Structures are given as structure tokens and as C-alpha cells.
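Heads up: the structure comes next, in C-alpha cells.
Predicted, not measured: the structure shown is a model, and the values here were computed from it.
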Amino acid sequence: MIDRSAPAPRRLAQALASLDRVVVAFSGGVDSSVLAHAALRELGPSRVLAVTADSASLATGELQHCSELAAAWGLPWRSVRTDELTDPRYVANGSDRCARCKTALMDQLGPIAHDRGATVVLGVNLDDLGDHRPGQAAAAERGARFPLVDAGLAKADVRTLARDADLSVWDRPAMPCLSSRIPYGTAVTVDLLGRLDRAELAVRSLGFGDVRVRHHGDTARVEVPRRDLVAAAE
């Protein structure tokens with residue numbers, strides 16, 4: 001039972017304690033980082049495992065980022081290879097692409113959690129529930145839980161928890177998978193993902209930390225925060 005009158009850190013701790021053992025889908029972003037860090041603190045290293053999915057849609061440097069965070073916190077961590085690109089429905093890139101991705105993820109995390117007597121948990125917050133996120137439904141159907149939602153935490157609450165815990169990721173921009181840069185209906189290929197990855201690395205090398213390069217046929221649309229538009233134009 002979660003005490004809704006309790007402070008946010010305590011509500012999250014209660015949500016995690018009710019699960020006893022967890023496998024955290026760990027992307028290294030602020031949501032999954034707060035979730036993994038809180039689980040480590042509440043449950044201890046023997047009852048927590050963070051797992052990062054490594055695939056062609058993961059941007060360069062993200063796997064190492066996850067590994068380094070886990071090592072700094074003393075968080076048990078491993079990576080697994082997911083092969084969503086072997087699913088023709090994922091490659092076709094319909095509006096259910098994220099569901100195909102989460103299915104591939106749960107194919108890997110489910111057996112790991114089963115062997116540990118644990119529950120798979122994802123860093124979904126209240127604000128995510130209002131978006132088109134078919135992946136959330138696919139993960140939930142496979143038994144995943146969302147402790148941030150159970151604790152009543154929105155994105156701003158999560159960032160506050162990260163800052164208060166002195167987590168370096170507290171103000172980190174969101175880093176959705178590279179496939180999200182490709183319009184629905186355009187096939188997802190390893191070649192295209194690689195080109196998007198290299199393009200974003202090139203823009204970041206110019207000093208822009210929060211960037212998307214979106215694929216539109218022969219056009220690449222570069223997105224940066226409004227505050228960076230003048231510098232980007234220059």
C-alpha cells in the first residue's frame with residue numbers, strides 16, 4: 001500500500017518495496033536512472049539488476065554511459081542484445097513500431113526476471129501516459145510494472161528526485177531511440193540508423209547537447225531547443 005500523503009521519495013520506495021525484486025530496463029535517461037538508483041537504495045544490490053538493451057537503434061555512446069553510471073553507483077548491470085530489426089513489423093515502421101520494440105525487449109528481460117524471481121520495471125512516468133506510447137501497453141501486457149506511475153510521479157517530480165539525489169543525469173535531455181527519427185511508413189534499416197547516428201554525432205561535435213536529426217527522404221531536419229536556434233543557424 002502506497003501512502004499518497006508521503007513525500008515523493010518515500011512513495012517510490014514503497015512502490016519498489018512491494019515488488020521485492022526487480023529487473024530495471026535501464027536506458028541511462030533520467031527516468032530509468034531515478035528508478036534504478038531508488039531500487040538499489042531500497043532493495044539492495046542482491047535484489048536489483050539493471051539491463052540495457054543494445055541494438056542498432058541505440059545511439060553511439062549510450063551503452064557506455066549506462067555502464068559507467070552503474071559502476072559509479074555500485075548497481076548490478078548487464079547489457080542484452082535485442083534484434084527488433086529481424087521483425088518485419090518493426091522494419092515496416094507502422095504506428096505500432098514501439099510495441100514491436102518493447103516486445104523484443106521483454107523477450108530478453110522476461111526470462112532474466114523469471115530466473116531471479118523478479119519483476120521487470122520500466123521508467124514510465126505520469127506524463128508519458130498521455131502520449132501515443134504503444135510500447136507501454138505491450139510491456140504491461142507482458143507483466144512489466146511502472147513504479148514511477150504507481151508512486152504518482154510526473155516528469156518534473158522525477159527530475160527533482162534526480163537533482164536531490166545528486167544524480168548527474170538530472171537535467172539530461174531525453175534520448176529516444178534512433179528509429180524515432182524516421183517517419184512512420186519509411187522502412188527502418190541498419191544503414192539509415194547508422195547515418196542518423198553519425199549525423200547527430202556531427203551536430204553534437206559543434207557543441208549542441210540536445211539534438212535530433214530527422215530523416216525526410218533527401219532532407220535531414222535538425223532540431224535543437226529554441227535557445228540554441230541562433231547558434232545553430234550560425
Donor-acceptor contact below 3.5 Å, side chain Glu200 vs main chain Val213: yes

Heavy-atom pair with the smallest gap, counting every atom of Val23 and Ala113: CG2-CA, 3.8 Å

Salt bridge Arg172-Glu62, side-chain N to carboxylate O under 4.0 Å: yes

Atom CZ of Arg11 with >12 non-hydrogen neighbours under 6.0 angstrom: yes

Connected via hydrophobic side-chain network under 4.5 Å: Val188 and Leu196: yes

Lys155/Asp127 ion pair, N-O < 4.0 Å: no

Test log, rule side-chain contact (heavy atoms from CB on, under 4.5 Å), inputs Val22 and Arg145: CA-CA 10 Å; Val22 296; Arg145 294 283 298 274; over 6 Å; no

Backbone of Ala202 reached by a side-chain donor or acceptor of Ser205 within 3.5 Å: yes

Separation between CD of Gln14 and CZ of Arg4, rounded to the nearest 0.5 Å: 9.0 Å

Qualifying residue, where the test is side chain to side chain contact (heavy atoms under 4.5 Å, CB included) with Val230 and the options are Arg226, Arg227, Glu234: Glu234

Identified side chain to side chain contact (heavy atoms under 4.5 Å, CB included) counterpart of Leu167 within the set Val34, Leu161, Leu69: Val34

Pair Trp77-Ser67, side-chain donor/acceptor within less than 3.5 Å: no

Distance-minimising heavy-atom pair for Pro45 and Pro76: O-CG, 3.3 Å

Check: Arg47 side chain, Ala118 main-chain N or O, donor-acceptor pair, under 3.5 Å: no

Same apolar cluster (I L V M F W Y, side chains within < 4.5 Å links), Val158/Phe26: yes

Leu40 reachable from Leu153 in the ILVMFWY side-chain graph, under 4.5 Å edges: yes

Under 3.5 Å: donor-acceptor pair, side chain of Arg78, backbone of Leu49: no

Non-hydrogen atoms of Asn125 and Leu148 that approach each other most closely: CA-CB, 4.2 Å

Glu84 bridged to Arg89 by N-O distance under 4.0 Å: no

From Asp31 atom CG to Leu122 atom CG, the distance as rounded to the nearest 0.5 Å: 10.5 Å

Check: Asp115 side chain, Ile112 main-chain N or O, donor-acceptor pair, under 3.5 Å: no

Asp3/Ser5 under side chain to side chain donor-acceptor pair (under 3.5 Å): CA gap, chis, key distance, verdict: CA-CA 5 Å; Asp3 179 2; Ser5 65; 2.6 Å; yes

In one Ile/Leu/Val/Met/Phe/Trp/Tyr side-chain cluster, 4.5 Å: Leu19, Ile2: no

Interatomic spacing from OG1 in Thr189 to CG in Leu85 - rounded to 0.5 Å: 8.0 Å

Donor-acceptor pair, side chain of Thr186 and main chain of Ile182, under 3.5 angstrom: no

Main-chain N/O of Ala59 paired with Asp197 side-chain donor or acceptor, under 3.5 Å: no

Closest non-hydrogen atom pair, Met106 against Pro111: O-CD, 3.9 Å

Nearest-0.5 Å distance, CG of residue Asp107 to CG of residue Asp83: 10.0 Å

Flag, side chain of Asp228 to backbone of Pro225, donor-acceptor distance under 3.5 Å: no

Heavy-atom pair with the smallest gap, counting every atom of Gly123 and Leu35: N-CD2, 3.7 Å

Val224 vs Asp210, side-chain contact (heavy atoms from CB on, under 4.5 Å): CA-CA, chis, key distance, verdict: CA-CA 6 Å; Val224 296; Asp210 188 0; over 6 Å; no

Distance (rounded to the nearest 0.5 Å) between Glu68 CD and Ser168 OG: 10.0 Å

Check: Ser179/Tyr90 side-chain N/O donor and acceptor closer than 3.5 Å: yes

Ring pair (Phe, Tyr, Trp, His ring centres under 6.0 Å) partners of Trp170, counting only residues at least two apart: none

side-chain contact (heavy atoms from CB on, under 4.5 Å) assessment of Leu192 paired with Leu178: CA-CA 9 Å; Leu192 180 51; Leu178 292 170; over 6 Å; no

Over 12 non-hydrogen atoms of neighbours within 6.0 angstrom of NE2 in His114: no

Intermediate values then yes/no, side chain to side chain donor-acceptor pair (under 3.5 Å), Asp54 and Ser79: CA-CA 6 Å; Asp54 182 16; Ser79 65; 5.4 Å; no

Any Val24 side-chain heavy atom under 4.5 Å of Val51 side chain: no

Crowding at CG, Asp166 (>12 non-hydrogen neighbours, <6.0 Å): no

Any Gln136 side-chain heavy atom under 4.5 Å of Leu129 side chain: yes

Euclidean distance, Asp96 CG relative to Lys102 NZ, rounded to 0.5 Å: 13.0 Å

Trace of the side-chain contact (heavy atoms from CB on, under 4.5 Å) decision for Leu63 with Leu58: CA-CA 8 Å; Leu63 191 66; Leu58 187 68; 4.0 Å; yes

Under-4.0 Å salt bridge between Glu223 and Arg214: yes

Min side-chain heavy-atom separation Asp20-Leu43 under 4.5 Å: no

With sequence neighbours excluded, residues passing side chain to side chain contact (heavy atoms under 4.5 Å, CB included) with Ser27: Ser32

Qualifying residues under ring pair (Phe, Tyr, Trp, His ring centres under 6.0 Å), relative to His37, sequence neighbours excluded: Trp73

Transitive ILVMFWY side-chain link Phe146 to Val48, under 4.5 Å: no

Any donor-acceptor N/O pair, His65 side chain to Gly28 backbone, under 3.5 Å: yes

Closest non-hydrogen atom pair, Met175 against Arg212: N-NH2, 4.4 Å

